[in-house]
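Sharing a structure with you now.
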Amino acid sequence: MWPPEIPPSAYKGQSPDIRTVGKELGVRYVLEGSIRPMGERLRINVQLIDTAGGMHIWADKIDRPTAEIFDVMDEVVDSLVTTLCANLGVAEASRAQRQRPEDLQAWALCVQAEVLFFSQFDTKTLLEAEKLARRATEIEPGYAASWALLACIASMRIVYWPSGNVVKDSEQALSLVNRALRLAPNDPVVLGYCGAAAAWAGQGAQGIDYLERSLAINPNSGFSQLGYGSAFLYSARYTEAVAQLQLFIRRSPKDPYLGLVYSQLAFSYLGLVDLERAEQAARNCVKHLPGVMGGYLVLALTLRALRRDAEAQAQIQKIHQLEPGMTRQQWEDYWQHTIPAEAAPGIIALLRKTWRD
């Protein structure tokens with residue numbers, strides 16, 4: 001609620017110290033913006049500022065034709081809300097990392113765990129993020145979001161670093177999903193984490209259900225949008241997966257999850273045998289996540305499908321460099337477990353042609 005002693009117009013026409021504004025309003029972040037006509041277009045400038053030190057966290061410019069401004073107003077608002085959600089998460093994680101772990105509450109630990117993992121995304125940060133999320137469950141066992149995040153991180157072990165026991169890992173992730181949902185069955189954050197975890201653990205239809213419920217409550221959640229597209233992918237509903245993942249990219253082209261989105265998009269286009277777009281999405285994944293083998297794998301599969309075998313083998317070599325112990329059989333076991341029976345033989349056949357153990 002806006003402090004009653006300070007009306008919204010109090011700062012109009014002024015350039016106050018943002019730290020003073022933060023103290024007066026009792027807020028940690030301020031969204032500052034302006035609208036300026038430029039001929040037949042409008043220029044919207046926005047920036048998100050940390051009131052503690054005046055640091056700019058994020059800024060952007062949005063141009064729209066003056067004649068169409070009312071038609072695109074909802075689109076602009078949705079885009080701003082989605083982008084702000086992502087950048088506020090990053091900002092809160094940075095703030096949390098400046099504190100000693102024993103001083104953090106369960107919520108702050110979860111924020112730190114999520115952004116730590118999804119911004120760096122490798123096996124080392126996976127383990128670190130898992131420890132933080134598990135610590136949050138110990139501090140506050142009734143905090144459903146910590147159990148849901150732990151389920152999501154556990155499912156990542158299945159989908160991006162296939163283990164030697166994908167069935168056991170899936171059972172663990174789904175057990176955590178059930179525990180989180182017993183605590184908070186209608187929380188959009190919990191539903192988002194649990195939906196993604198269920199999809200990545202081989203329960204695509206269940207994941208779709210959870211994520212639809214999450215997005216019905218909070219349609220601006222970038223992570224739930226990513227999970228929703230993934231759930232369609234792991235249900236072999238490739239056209240719907242592409243639609244949801246492209247919507248994510250249009251709404252939040254600078255989101256921290258963008259590398260993951262491109263990975264899922266590349267596999268979706270591969271499922272549609274749209275090889276040109278699959279290659280483009282795979283290369284974007286590698287660009288955003290150069291230390292993650294999933295991007296190199298989908299790129300290798302696409303290049304092999306395009307009969308560019310030498311280039312495909314170069315990508316397989318990069319996988320061996322990143323994860324020397326990884327085998328083709330682990331990926332076969334993973335796909336047999338996580339995707340529909342009618343879709344598995346095709347991707348596995350392509351894998352065997354591409355990855356020659």
Taking all heavy atoms of I316 and all of A300, pick out the closest pair and write down the distance.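 I316 and A300 have their closest heavy atoms at CD1-CB, 3.9 Å.
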
Measure the CD-OG distance between Q105 and S146 for me, rounded to the nearest 0.5 Å.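 That separation rounds to 12.5 Å.
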
Is there a side-chain contact (heavy atoms from CB on, under 4.5 Å) between V298 and C285? Walk through the geometry before answering. CA-CA 9 Å; V298 67; C285 175; 5.6 Å; no

Assess whether side chain to side chain donor-acceptor pair (under 3.5 Å) is satisfied between N284 and Q280, documenting all intermediate values. CA-CA 6 Å; N284 280 331; Q280 182 180 11; 5.9 Å; no

If I compare all heavy atoms of I158 with all of V166, which pair ends up nearest, and what's the gap?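 Distance-wise, the nearest heavy atoms are CG2-CG2, 3.4 Å.
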
Do Q244 and Q225 have a side chain donor and acceptor closer than 3.5 Å?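 Yes, Q225 and Q244 have a side-chain donor paired with an acceptor closer than 3.5 Å.
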
Treating Ile, Leu, Val, Met, Phe, Trp and Tyr as nodes and any side-chain heavy-atom pair under 4.5 angstrom as an edge, say whether F267 and W355 lie in one connected cluster.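 Cluster IDs for F267 and W355 match.
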
Apply salt bridge (Lys or Arg N to Asp or Glu O under 4.0 Å) to residues R328 and E332 and explain how you reach the verdict. CA-CA 6 Å; R328 185 185 71 196; E332 290 192 24; 3.2 Å; yes

Over 60° means perpendicular and under 30° means parallel, so classify the ring planes of F223 and W200, tilted if in between.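 The arrangement is perpendicular - the two ring planes meet at more than 60°.
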
What pair of heavy atoms forms the shortest contact from R157 to E130, and how long is it?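 The pair with the smallest heavy-atom distance is NH2-OE2, 2.7 Å.
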
How long is the straight-line distance from OH of Y210 back to OG of S224, given to the nearest 0.5 Å?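 Between atom OG of S224 and atom OH of Y210 there are 14.0 Å.
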
Do E279 and R308 sit within salt-bridge range, that is, some charged N less than 4.0 Å from a carboxylate O?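 Here E279 pairs with R308 in a salt bridge, since their nearest N and O are under 4.0 Å apart.
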
Using the rule that Ile, Leu, Val, Met, Phe, Trp and Tyr join whenever any side-chain heavy atoms are under 4.5 Å apart, tell me whether V177 and I153 fall into a single cluster.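 They do not share one cluster, since no chain of ILVMFWY contacts under 4.5 Å joins V177 to I153.
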
Shortest non-hydrogen contact from L233 toward S268: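 For L233 and S268, the tightest heavy-atom pair comes out as CD1-OG, 3.6 Å.
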
What I'd like to find out is whether the side chain of S155 reaches to under 4.5 Å of the side chain of Y193, using heavy atoms alone.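 SC-SC contact between S155 and Y193 ruled out.
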
With side-chain contact (heavy atoms from CB on, under 4.5 Å) as the criterion, how do D169 and Q172 come out once you've worked through the C-alpha distance, each side chain's angles and the decisive distance to 0.1 Å? CA-CA 5 Å; D169 286 342; Q172 178 191 3; 4.3 Å; yes

Student check: side-chain heavy atoms of L275 and Y269 closer than 4.5 Å: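 Not touching, per the 4.5 Å side-chain cut-off.
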
Calculate, to the nearest 0.5 Å, the distance between atoms NE2 and CD1 belonging to H337 and I339 respectively.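 Separation between the atoms: 11.5 Å.
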
As a quick check of understanding, evaluate side-chain contact (heavy atoms from CB on, under 4.5 Å) for C110 and Y143, giving each step before the final call. CA-CA 10 Å; C110 287; Y143 183 45; 3.9 Å; yes

If you compare all heavy atoms of H288 against all heavy atoms of G259, which two are closest, and at what distance to 0.1 Å?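 That would be CB-CA, 3.7 Å.
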
For P188, is there any backbone N or O sitting under 3.5 Å from a side-chain donor or acceptor partner on S214?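 Checking the backbone N and O of P188 against the side chain of S214, a donor-acceptor pair under 3.5 Å is found.
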
First locate atom CH2 of W147, then atom CG of L150, and finally report the distance between them rounded to the nearest 0.5 Å.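 Answer for the CH2-CG pair, W147 versus L150, is 7.0 Å.
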
Can we say R356 and D309 salt-bridge, meaning some charged N sits less than 4.0 Å from an Asp/Glu carboxylate O?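 Salt bridge present between R356 and D309.
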
In terms of ring plane angle, is the pair Y334 and W331 parallel, tilted or perpendicular, where the classes change at 30° and 60°?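 Perpendicular.
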
Could you check whether any side-chain heavy atom of L351 comes within less than 4.5 Å of a side-chain heavy atom of W335, counting everything from C-beta outward?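 A side-chain contact exists here, since the closest heavy-atom pair is under 4.5 Å.
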
Please say yes or no: joined through hydrophobic side-chain contacts below 4.5 Å, possibly via intermediate residues, are F248 and L191 part of one cluster?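 Unlinked, F248 and L191 end up in two clusters.
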
With rounding to the nearest 0.5 Å, note down the distance linking CD in E140 to CH2 in W107.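 So the gap between those two atoms works out to 12.5 Å.
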
Is a salt bridge present between E311 and R304, judged by a nitrogen-to-oxygen distance below 4.0 Å?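 No, no charged N to carboxylate O under 4.0 Å.
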
Determine whether D187 and I217 make a side-chain contact, defined as any pair of heavy atoms from C-beta on separated by less than 4.5 Å.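 Heavy-atom side-chain distance check fails, nothing below 4.5 Å.
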
Should L174 and Y234 be counted in the same cluster of Ile, Leu, Val, Met, Phe, Trp and Tyr side chains packed under 4.5 Å apart?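 No.
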
Applying a strict under-4.5 Å side-chain criterion to I, L, V, M, F, W and Y, I'd like to know whether M156 and L127 cluster together.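 As far as the 4.5 Å side-chain criterion goes, L127 and M156 are not connected within one cluster.
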
Side-chain touch R213/N186, heavy atoms, less than 4.5 angstrom: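 Yes, their side chains come closer than 4.5 Å.
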
Check the pair R135 / E138 against salt bridge (Lys or Arg N to Asp or Glu O under 4.0 Å), numbers first and verdict last. CA-CA 5 Å; R135 176 61 180 148; E138 294 167 354; 3.6 Å; yes

Below 4.5 Å, heavy atoms only, C-beta onward: do L297 and L301 meet side chain to side chain?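 Side chain of L297 against side chain of L301, heavy atoms only: contact under 4.5 Å found.
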
Heavy atoms, side chains only, cut-off 4.5 Å: are V190 and L183 in contact?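 They are not in side-chain contact.
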
Please indicate whether E342 has more than 12 foreign heavy atoms, meaning atoms of other residues, nucleotides or ligands, lying under 6.0 Å from its CD.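 Counting neighbours around CD of E342, more than 12 heavy atoms of other residues, nucleotides or ligands fall under 6.0 Å, so yes.
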
Rounded to the nearest 0.5 Å, what's the gap from CD on Q315 to CZ on R283? Could you check?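 CZ of R283 is found 6.5 Å from CD of Q315.
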
So D274 and R277, side-chain contact (heavy atoms from CB on, under 4.5 Å) or not? Walk me through it. CA-CA 6 Å; D274 189 341; R277 287 192 174 93; 2.8 Å; yes

Could you check whether K168 pairs with E171 (Lys NZ or Arg NE/NH1/NH2 to Asp/Glu carboxylate O, under 4.0 Å)?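 Answer for the salt bridge query: no.
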
Considering all heavy atoms, the nearest L211-G192 contact: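 Here L211 and G192 meet closest at CD2-O, 3.6 Å.
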
Could you check if a side-chain atom of L270 sits within less than 4.5 angstrom of a side-chain atom of I347, using non-hydrogen atoms only?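 Answer yes - side chains close enough.
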
